[in-house]
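Only a predicted model underlies this, so the values are computations on that prediction, with no experimental measurement involved. Note on naming: letters A, B, ... go to the chains in the order of the sequence lines (proteins, then strands), and numbering restarts at 1 for each one.
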Number of protein chains: 2
Amino acid sequence: MQNNDETCDMRGFLSFLILWILSIRPMSGSEMASEIEKRKGIKPNPGTIYPALAELAEKKAITFKNQGKKKVYSLTPKGKEMLKHSVNHFCKIFYDILSK
Amino acid sequence: MQNNDETCDMRGFLSFLILWILSIRPMSGSEMASEIEKRKGIKPNPGTIYPALAELAEKKAITFKNQGKKKVYSLTPKGKEMLKHSVNHFCKIFYDILSK
DNA sequence: GACCCAATATTGGTTAACCAATACTAATAT
DNA sequence: ATATTAGTATTGGTTAACCAATATTGGGTC
């Protein structure tokens with residue numbers, strides 16, 4: 001843990017976060033990284049974000065369209081289902097945090 | 001990932017969850033494990049929960065009182081501060097999920 | 001077409017969260 | 001006081017999420 005007072009390093013949440021953010025709006029890998037930086041304060045490395053995107057694409061949770069030199073990713077119907085399921089799980093665990 | 005459709009395995013959230021649950025009410029390690037099972041659906045193993053509790057105790061985030069054969073853990077002022085900080089971080093990342 | 005840059009991809013290695021199995025401890029019962 | 005059992009603790013090993021560094025690709029520009 002980088003910060004000694006930080007109990008919540010978000011490890012394991014990256015693909016969840018990706019699906020969530022893509023449900024707000026489609027975007028490219030580099031935009032994703034910046035969006036995640038806004039939220040977490042730490043920008044994921046290329047070696048982190050691209051394999052994560054590749055894995056989600058292989059699972060048919062996301063697709064992309066080439067747009068210039070970027071790949072604009074968006075959710076597939078399967079990805080939306082997965083996200084819904086994960087959000088349910090998430091909320092079951094943390095239901096009483098949101099109403100703090 | 002156990003479930004192929006699960007994007008959110010909560011790895012890395014255990015100590016955060018512990019602080020959160022202890023802020024609701026003090027409880028022992030075994031009770032913690034059951035409470036976590038209720039939320040996550042998976043009960044953490046002894047080899048997971050007790051080292052986590054020991055680490056938080058060493059950081060002075062929690063203390064305990066012996067009560068029968070149990071150790072009833074509760075938050076210290078420092079633990080409350082850490083939790084507050086972590087909840088802020090958490091909400092910064094996931095602020096728009098809670099209002100789904 | 002040669003060069004440059006942004007975006008994407010890959011490789012190799014590290015770390016830490018977690019589990020399974022086993023050991024210890026303390027209270028209670030017989 | 002011995003056995004039992006719930007609770008707590010430990011040990012050793014596995015796995016996967018992540019990073020740092022490097023490589024590749026694809027557009028634009030001169």
Side-chain angles (χ1 to χ4, degrees), chain A residues 1-20 22 26-37 39-59 61-74 86 93, chain B residues 1-20 22 26-37 39-59 61-74 86 93:
Chain A
M1 232 173 294
Q2 304 185 354
N3 180 343
N4 195 46
D5 278 8
E6 190 54 78
T7 57
C8 163
D9 71 352
M10 305 300 152
R11 176 180 280 252
F13 266 84
L14 184 61
S15 46
F16 178 52
L17 243 188
I18 289 173
L19 291 191
W20 177 256
L22 287 182
M27 65 180 78
S28 68
S30 54
E31 289 172 310
M32 284 282 329
S34 299
E35 177 64 29
I36 289 169
E37 185 181 20
R39 291 166 180 257
K40 294 183 49 172
I42 298 169
K43 190 172 200 156
N45 285 18
T48 300
I49 191 85
Y50 290 110
L53 288 169
E55 191 196 340
L56 288 171
E58 207 210 341
K59 282 185 184 170
I62 61 179
T63 40
F64 62 87
K65 280 184 186 169
N66 289 308
Q67 190 169 301
K69 68 180 68 174
K70 294 184 179 182
K71 288 185 176 180
V72 178
Y73 288 89
S74 56
S86 292
I93 297 178
Chain B
M1 236 174 294
Q2 304 184 355
N3 180 343
N4 195 48
D5 278 10
E6 190 55 76
T7 56
C8 162
D9 71 353
M10 305 299 151
R11 176 181 282 252
F13 266 84
L14 184 61
S15 47
F16 178 51
L17 243 189
I18 288 173
L19 291 192
W20 178 256
L22 286 182
M27 65 180 80
S28 68
S30 54
E31 289 172 310
M32 284 281 331
S34 300
E35 178 64 29
I36 289 168
E37 186 181 19
R39 290 165 181 258
K40 294 182 50 171
I42 298 169
K43 191 172 199 156
N45 285 15
T48 300
I49 191 86
Y50 290 109
L53 288 169
E55 190 196 342
L56 288 170
E58 207 209 342
K59 283 184 183 171
I62 61 180
T63 41
F64 62 88
K65 281 184 186 169
N66 289 309
Q67 190 168 299
K69 68 181 67 174
K70 293 185 178 180
K71 289 185 177 180
V72 178
Y73 287 91
S74 57
S86 293
I93 298 177

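If you take NZ of B:K65 and C1' of C:dA26, they are 20 Å apart, rounded to a whole angstrom. Distance B:I18 CD1 to D:dT8 C1': 14 Å, rounded to the nearest Å. Taking atom CG on B:L17 and atom C1' on C:dA17, their separation rounds to 14 Å, with Å as the unit. Between the P atom of C:dC18 and the CG atom of B:L53 lies a distance of 12 Å, rounded to the nearest Å. Atom CE of B:M32 is separated from atom C1' of D:dA9 by 17 Å (rounded to the nearest Å). Taking atom CZ of A:F13 as the reference point, atom C1' of C:dA16 lies 17 Å away to the nearest angstrom. Between the NZ atom of B:K40 and the C1' atom of C:dA17 there is a distance of 10 Å, rounded to whole Å. In this structure, B:K43 atom NZ and C:dA17 atom P are separated by 22 Å, rounded to whole Å.
Closest to the side chain of B:I42, from the set C:dC19, C:dA26, C:dA9, is C:dC19. Relative to the side chain of B:P51, the nucleotides D:dT5, C:dA9, D:dT10 differ in distance, and D:dT10 lies closest. Of the candidates D:dC19, D:dG27, C:dC19, the closest approach to any side-chain atom of B:P44 belongs to C:dC19. Ranking D:dC18, D:dT10, C:dT10 by closeness to the A:Y50 side chain, first place goes to C:dT10.
At a threshold of 4.0 angstrom between heavy atoms, the contacts of B:G47 include nucleobase atoms, whether or not backbone atoms are also involved. Using a 4.0 Å heavy-atom criterion, one finds that A:Y73 contacts the sugar-phosphate atoms exclusively. Using a 4.0 Å heavy-atom criterion, one finds that A:G68 contacts the sugar-phosphate atoms exclusively.
Side-chain N/O atoms of B:S28 include none lying less than 4.0 angstrom from OP1 or OP2 on D:dG7. For B:N45, a side-chain nitrogen or oxygen approaches OP1 or OP2 of C:dA20 to under 4.0 Å. For A:T48, a side-chain nitrogen or oxygen approaches OP1 or OP2 of D:dC19 to under 4.0 Å. In this structure, A:K71 does not reach the D:dG26 phosphate: none of its side-chain N or O atoms is under 4.0 Å from OP1 or OP2. Note on B:K70: a side-chain N or O is less than 4.0 Å away from OP1 or OP2 of D:dG7. Within the 4.0 Å cut-off from OP1 or OP2 of C:dA6, not a single side-chain nitrogen or oxygen of A:S30 is found.
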Original post:
Please walk me through it: do B:E37 and B:S34 pass side-chain hydrogen bond (donor to acceptor under 3.5 Å, both in side chains)?
Top reply: CA-CA 5 Å; B:E37 186 181 19; B:S34 300; 5.0 Å; no
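Between B:Y73 and B:L22, the shortest heavy-atom distance links the atoms O-CD2, 3.5 Å. The minimum heavy-atom distance between A:P46 and A:P51, with the atom names listed, is O-CD, 3.4 Å. Taking every heavy atom of both residues into account, B:I62 and B:L53 meet most closely at CD1-O, 3.5 Å.
Taking 4.5 Å as the limit, some side-chain heavy atom of B:R39 sits within range of a side-chain heavy atom of B:E35.
Listed for the A:E31 side chain is a donor-acceptor partner under 3.5 Å among the backbone atoms of A:S28.
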